[in-house]
Undergrad: 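My questions will all concern the structure given below.
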Number of protein chains: 2
Amino acid sequence: MATIKEIASMANVSRTTVSRVLNNSGYVSEEVRKRIIKVIEETGYVPSQQAKSLRTKKTKVIGVILPTIKTETSGRLVAGMDDELSEAGYQILLANTNHEKQKEIEFLQLLKVRQVDGIILAATNVNDLLVEKIKQLDIPFVAIGQEISDVSNILYDDYQAAKDITSLFINKGHQQIGFIGVDESDLAVGMWRKKGFFDQMEEKGLSVEEAWVEQGVFNIQSGYEAMSRIIQNSNQTPTAVFAVTDRLAIGAIRWLNEHSYAIPSDMAIAGVGASELSNYITPPLTTVDYENEKAGKEAAKLILRQIEKNNKVIEKITLNYRLLERDSV
Amino acid sequence: MATIKEIASMANVSRTTVSRVLNNSGYVSEEVRKRIIKVIEETGYVPSQQAKSLRTKKTKVIGVILPTIKTETSGRLVAGMDDELSEAGYQILLANTNHEKQKEIEFLQLLKVRQVDGIILAATNVNDLLVEKIKQLDIPFVAIGQEISDVSNILYDDYQAAKDITSLFINKGHQQIGFIGVDESDLAVGMWRKKGFFDQMEEKGLSVEEAWVEQGVFNIQSGYEAMSRIIQNSNQTPTAVFAVTDRLAIGAIRWLNEHSYAIPSDMAIAGVGASELSNYITPPLTTVDYENEKAGKEAAKLILRQIEKNNKVIEKITLNYRLLERDSV
DNA sequence: AACTAATATGGAATCGATTCCATAAAAATA
DNA sequence: TATTTTTATGGAATCGATTCCATATTAGTT
């Protein structure tokens with residue numbers, strides 16, 4: 001790889017002048033400019049990002065912290081970001097926490113050391129330590145999926161979406177509705193979706209039997225088991241169950257299918273997430289589409305705006321969602 | 001952010017000595033070492049990767065070029081890589097081509113400029129220009145999924161897997177077997193899987209009617225349409241169809257379901273890829289599990305070995321696959 | 001005691017760019 | 001014609017680390 005010094009001497013000018021051509025800045029005569037460009041083209045020279053970043057303090061890299069990279073949701077999120085970012089000449093440096101909380105903090109530090117121009121965090125559980133670290137970070141930052149005060153956020157309306165799903169059940173005549181949730185330390189998925197469900201039930205004067213409420217984790221097997229527990233432990237089984245993620249819902253459906261419950265006549269089911277899977281199981285699952293790709297795009301736009309404005313423009317964006325009514329309700 | 005210079009003056013030593021402590025190299029007296037470590041801890045100083053890389057020519061970053069980041073396959077691949085790489089202190093810099101061929105070449109260049117320590121390419125179509133660029137790259141390199149001479153490869157045994165699936169059909173008594181493929185410029189998926197199918201049919205003395213063979217692209221809709229064409233155009237409809245990807249197979253199944261074909265009795269279907277989806281559709285799809293996460297891990301290991309050995313150790317690894325016999329055959 | 005080897009530290013060059021500052025020539029203005 | 005202004009270029013400092021080399025002290029060996 002050639003260096004600017006070599007290009008300079010080949011074109012019989014100083015490094016300064018080459019740099020001017022490279023960055024289109026300052027005065028360079030047409031004649032010299034042409035000579036330099038010719039040399040650059042002949043040698044295929046490209047300036048080292050390395051050296052450039054050291055001097056300019058800009059890396060054209062955005063750090064993205066994810067709880068996992070295996071899921072569709074993550075994939076779509078990243079795809080959306082990349083769409084916007086690559087357009088603007090940025091690349092994504094991945095940081096995968098594998099759901100380990102303390103890694104979020106480690107990566108925050110690591111990415112800063114790597115001098116990324118901004119950080120996007122797909123947040124799961126927000127604890128005080130994390131929030132504090134974020135605040136003392138002092139580089140452009142956007143959190144997706146969880147509200148964090150004083151920083152930019154892309155938010156899903158988990159509360160309203162849960163209410164809508166619950167309404168849908170009620171409108172279809174269901175009165176006894178069960179719920180499969182996740183741990184409430186995940187504020188968005190665990191807490192807000194649960195609250196939406198219970199608030200809506202209460203508003204409509206419907207009560208929820210304790211045995212109808214179960215908790216799982218983020219996979220299909222867990223939904224399968226939760227459904228089994230609901231049926232086993234209920235005095236009177238519910239006629240519908242709201243699962244807070246598609247995977248939980250799909251697990252539930254699988255259990256119901258295996259035990260000859262007809263869906264939706266014996267039991268209605270809905271999930272959240274609009275995974276590709278949800279549309280191809282039998283019956284197709286009623287769910288909420290959060291449009292993750294769009295979320296990724298918006299997050300990227302926010303980060304770029306922060307970088308450009310060179311200061312802390314704090315923006316909070318709550319995205320729309322689409323209720324996809326399919327055959328499981 | 002503090003710099004090594006500041007740390008040095010705070011500890012009343014030279015930058016050189018601080019660097020020695022940082023890198024555990026050369027002679028430093030116990031007393032001075034302690035003093036420096038104390039200052040480092042108090043200030044929370046971390047050396048700039050930027051400056052370090054400029055001098056050492058190592059970035060601890062691996063560039064990963066993918067045709068898309070939206071799919072499960074990509075997600076698993078990346079997850080596998082990250083597993084190994086983060087262990088060794090490396091991070092992944094993403095490059096998403098969105099299936100645009102010329103972007104593969106652009107990214108090769110871009111990643112090199114960014115001084116990544118190695119590049120992993122999830123290859124789709126290999127053309128001469130790409131191969132040439134790869135060869136003159138001169139940094140650790142691994143290609144996944146497609147054979148490229150003179151560089152390290154992680155390969156799937158597409159040919160044998162296709163033969164196995166075809167055998168399975170034949171053993172179940174099928175004689176008229178259809179095929180849904182993709183463009184053969186994708187050597188692995190398009191060419192080798194097709195060849196595996198036809199070779200196996202020929203070996204068993206079975207002929208394939210022209211109308212049984214259709215081509216699609218990498219999505220569900222495309223499988224749906226291909227299946228429709230096969231049924232419409234055949235004199236005698238096949239009793240089984242091998243689709244080269246799960247999505248194509250799932251599209252085909254969808255068409256068959258909609259037109260009241262019973263699976264597998266009226267028509268047997270198999271795919272390749274073992275997507276999560278494949279296990280939850282009705283009926284569960286017989287498919288080949290290529291264990292992408294493992295492929296990612298192996299690719300990462302290869303890259304690390306190349307970096308460590310500091311030279312072109314060319315290794316070719318063909319991974320095992322598992323034939324998942326489910327209810328669609 | 002004299003001399004070699006090991007230990008300990010700092011100065012200065014280096015990596016490859018950008019950018020401030022100085023200077024000189026050409027063009028514009030008084 | 002004298003004096004600004006604009007245009008054009010290069011020298012040298014800088015970003016924040018690592019590393020080669022020199023030097024000084026201390027320890028070990030004959």
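Chain letters run A, B, ... following the sequence lines, proteins first and then strands; every chain starts at 1. The shown structure was predicted, so the numbers you read here are calculated from the model rather than taken from an experiment.
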Undergrad: Give a yes-or-no answer on whether the side chains of A:D117 and A:T59 include a donor-acceptor pair shorter than 3.5 Å.
TA: yes
Undergrad: Just N and O in the side chain of A:T17: are any of them under 4.0 Å from OP1 or OP2 of D:dG10?
TA: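 It does, given that an N or O in the side chain of A:T17 lies less than 4.0 Å from OP1 or OP2 of D:dG10.
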Undergrad: Under a 3.5 Å cutoff, is there a donor and acceptor pairing between the side chains of A:Y156 and A:N320?
TA: no
Undergrad: Less than 3.5 Å apart, any donor N or O on the side chain of B:S14 or B:T17 sitting next to an acceptor on the other?
TA: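 Yes - a donor-acceptor pair under 3.5 Å links their side chains.
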Undergrad: Examine distances only and state if a side-chain atom of B:K60 and a backbone atom of B:Q91 form a donor-acceptor pair shorter than 3.5 Å.
TA: no
Undergrad: Run the salt bridge (Lys or Arg N to Asp or Glu O under 4.0 Å) test on B:E298 and B:K301 for me, step by step, so that the C-alpha distance in whole Å, both residues' side-chain angles and the decisive distance to 0.1 Å come before the verdict.
TA: CA-CA 5 Å; B:E298 292 298 325; B:K301 280 187 196 164; 3.7 Å; yes
Undergrad: Can a donor-acceptor pair be found between the side chains of B:T43 and B:K38 at a distance below 3.5 Å?
TA: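 B:K38 and B:T43 do not have a side-chain donor-acceptor pair below 3.5 Å.
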Undergrad: For nucleotides 16-28 of chain C, read 5' to 3', which letter fits each nucleotide if B means a protein heavy atom sits under 4.0 Å from the base, S means only the sugar-phosphate is that close, and - means neither?
TA: BBBBB--------
Undergrad: Look only at the side chain of A:S53 and the backbone of A:Q49, and say whether a donor-acceptor pair between them is shorter than 3.5 Å.
TA: yes
Undergrad: Name the pairs: protein N/O against N/O of nucleotides 4-7 of chain D, kept only if under 3.5 Å.
TA:
unit_1, atom_1, unit_2, atom_2, d
D:dT7, OP2, A:Y27, OH, 2.5

Undergrad: Indicate whether the side chain of B:S185 and that of B:D183 have a donor and an acceptor atom separated by less than 3.5 Å.
TA: yes
Undergrad: Have B:T68 and B:T71 got a donor and an acceptor in their side chains that come within less than 3.5 Å?
TA: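 Judged by distance alone, the side chains do not pair up.
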Undergrad: Shorter than 3.5 Å, N or O on both sides, protein versus nucleotides 23-28 of chain D: list them out with atom names.
TA:
none

Undergrad: Tell me if a side-chain donor or acceptor on B:K316 pairs with a main-chain N or O of B:V151 at a distance below 3.5 Å.
TA: yes
